[in-house]
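Every chain is numbered from 1 and lettered A, B, ... according to where its sequence line falls, protein lines coming before strand lines. Note that the coordinates shown come from a computational prediction; the quantities given were computed from them, not determined experimentally.
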2 protein chains.
Amino acid sequence: MEKEELVFKNYLVSHGLKYTPERKIVFDAIISFSGHFDADTLYESIRRNKGKLSRATVYRALPHFIATGIVKESLRFEGRTHYEKSLGTEHHDHLVCLGCGKIIEFKDEKIEELQNKVCKKYSFKALDHKLGIRGYCKTCQKK
Amino acid sequence: MEKEELVFKNYLVSHGLKYTPERKIVFDAIISFSGHFDADTLYESIRRNKGKLSRATVYRALPHFIATGIVKESLRFEGRTHYEKSLGTEHHDHLVCLGCGKIIEFKDEKIEELQNKVCKKYSFKALDHKLGIRGYCKTCQKK
DNA sequence: ATTGAAATTGAGAATCAATCTCATCAATAA
DNA sequence: TTATTGATGAGATTGATTCTCAATTTCAAT
C-alpha cells in the first residue's frame with residue numbers, strides 16, 4: 001500500500017471508520033487526477049472507469065480526504081466547490097481568469113509570512129487560507 | 001441625491017437600465033447596513049421596514065450594485081454568498097473564525113503590493129482578489 | 001398626453017450542488 | 001452467532017440562486 005493510502009486508512013481506523021472498497025475506489029480516482037476537480041467530475045470519472053458508486057458516497061468521502069490532507073478545497077467557481085490533490089502538492093494560491101477559466105497557480109513565500117504576522121497580531125490561530133485573484137490572463141486581455 | 005445614489009443611477013442609465021423605486025428601496029437598505037450581509041438578510045430587512053418587494057428583485061439588483069462598486073462580494077460562508085458595502089469602505093481581507101463565525105477585517109499594504117508583483121509576473125490583469133484566512137479567534141482557542 | 005419599445009417586476013417554478021433519509025449490507029467484537 | 005456500529009445506494013430533500021412569463025412601468029418620441 002502506498003504511503004498516502006496508509007495515511008488515509010490510518011485516519012479512518014483511528015476514528016472508528018472503515019476503509020471500504022468504495023472509499024478505495026474514490027481514493028484511486030483522486031490519486032489519478034491531476035489538477036483541479038469538483039465532486040461531480042470525480043463522480044463521473046469513477047462511473048466511467050470503475051462502474052457504479054453512489055454520488056452520495058463520493059460526497060461523503062471528500063471530507064475525510066480533506067481531513068487527512070490528501071485533498072484540499074481550492075476555489076469556489078461556477079457555483080461549485082473545486083478541490084485539488086494536496087499530497088505531493090505544495091500549497092499555492094490562484095489567479096483565476098474570468099475570460100477562459102484558466103487557473104494559474106502561484107506561491108509567494110513573503111505573502112505567506114505576512115499572513116502569519118497578521119494572525120499573530122490578532123492572536124488568531126490559522127488553519128488554512130485561500131487567496132484568489134480574479135482578472136484576465138495574458139491571452140484574454142487581448143480580446 | 002447623495003453621491004452614491006447618483007453613481008448608481010448614472011450606471012443604470014448609461015447601461016440602458018432604469019432607476020426604479022424598487023431599486024431605490026434596495027439601495028436605501030444597503031446603505032443603512034453596516035457590516036456583512038447576505039441576499040436573504042437584505043431581503044428580510046427590506047420586508048420588515050419597507051413592505052413588500054420580491055426576493056428576485058433583490059437578487060437581480062445585487063449585480064448592479066457590485067458593478068458600480070457600491071457593494072462587494074465578501075466571502076462565501078455557511079453556504080451563502082456574503083456581501084458588504086464597499087463605498088466608504090476600504091478594501092480589506094478577512095480572518096474567519098470557525099468557532100464562533102466572527103469575522104475580523106484586516107488590511108496589509110505589503111500583501112497587496114506583493115500580489116501586484118505576482119500579477120505582473122504572469123502578465124495577469126487583476127480585477128479583484130479575496131484573501132480569507134480560516135482558523136480560530138482568541139476566544140475560541142481557549143475552548 | 002399618448003404610444004410603443006424595452007426594461008422591470010412579482011410570484012412561483014425550476015435549477016443544481018450538496019445533504020439527508022432509510023432500509024439494507026458488511027465488518028468487527030463479544 | 002449475534003449485537004453493534006458504520007457504510008452504502010437510491011432517491012428525496014434542502015436551500016440558495018436563477019429563470020419564466022404575464023402584467024406593469026418607464027421614458028423617449030411623437
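- Atom pair A:K24:NZ and C:dA26:C1' shows a separation of 19 Å (rounding to whole Å applied).
- A heavy-atom distance below 4.5 Å is found between the side chains of A:H94 and A:E84.
- Both A:P21 and A:H82 sit near DNA chain C, but only A:H82 has its closest nucleotide nearer the 5' end.
- Between B:R55 atom CZ and C:dG10 atom P there is a gap of 12 Å when expressed in whole angstrom units.
- In this structure, A:F37 places its CZ atom 16 Å from C1' of C:dA18, rounding to the nearest Å.
- At least one donor-acceptor pair closer than 3.5 Å links the side chain of B:K85 to the backbone N or O of B:I31.
- Here C:dA18 presents its C1' atom at 11 Å from CG of A:L62, a figure rounded to the nearest Å.
- Side-chain atoms of B:Y59 and B:R55 form no donor-acceptor pair, as typed in the model, at a separation below 3.5 Å.
- Near DNA chain C, meaning a heavy atom under 4.0 Å from it, residues 11-18 of chain A has no residue at all.
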Kindly determine whether B:E73 and B:H82 satisfy side-chain hydrogen bond (donor to acceptor under 3.5 Å, both in side chains), including the steps that lead there. CA-CA 6 Å; B:E73 277 190 29; B:H82 290 240; over 6 Å; no
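- By the 4.5 Å heavy-atom criterion applied to side chains, A:Y19 and A:E5 are counted as neighbours.
- Dashed line: the shortest gap from a side-chain N or O of A:Y59 to OP1 or OP2 of C:dT19 is not under 4.0 Å.
- Taking 4.5 Å as the limit, every side-chain heavy atom of A:F124 sits out of range of all side-chain heavy atoms of A:V118.
- Residue A:R23 is classed as a sugar-phosphate contact, given heavy-atom separations below 4.0 Å to backbone atoms only.
- Each of A:H129, A:K107, A:E105 was compared with A:H91 under the side chain to side chain donor-acceptor pair (under 3.5 Å) criterion, and only A:H129 meets it.
- One atom, CZ of B:R80, and another, C1' of C:dA17, lie 16 Å apart when rounded to the nearest Å.
- Between the P atom of C:dA7 and the CD atom of B:E22 lies a distance of 17 Å, rounded to the nearest Å.
- In this structure, the NZ atom of B:K52 is 19 Å from the P atom of C:dT8, given to the nearest Å.
- If B:T20 and B:R60 are placed on DNA chain D by their nearest nucleotide, the residue sitting closer to the 5' end is B:R60.
- Taking every nucleotide of DNA chain D with any atom under 4.0 Å from a non-hydrogen atom of chain A, the first and last of them, 5' to 3', are D:dT5 to D:dA10.
- Residues A:F37 and A:V71 have side chains in contact (heavy-atom distance under 4.5 Å, counting atoms from C-beta outward).
- Atom CZ of A:R76 and atom C1' of C:dC16 are 11 Å apart (whole Å).
- Between B:D93 and B:E112 there is a side-chain heavy-atom pair separated by less than 4.5 Å.
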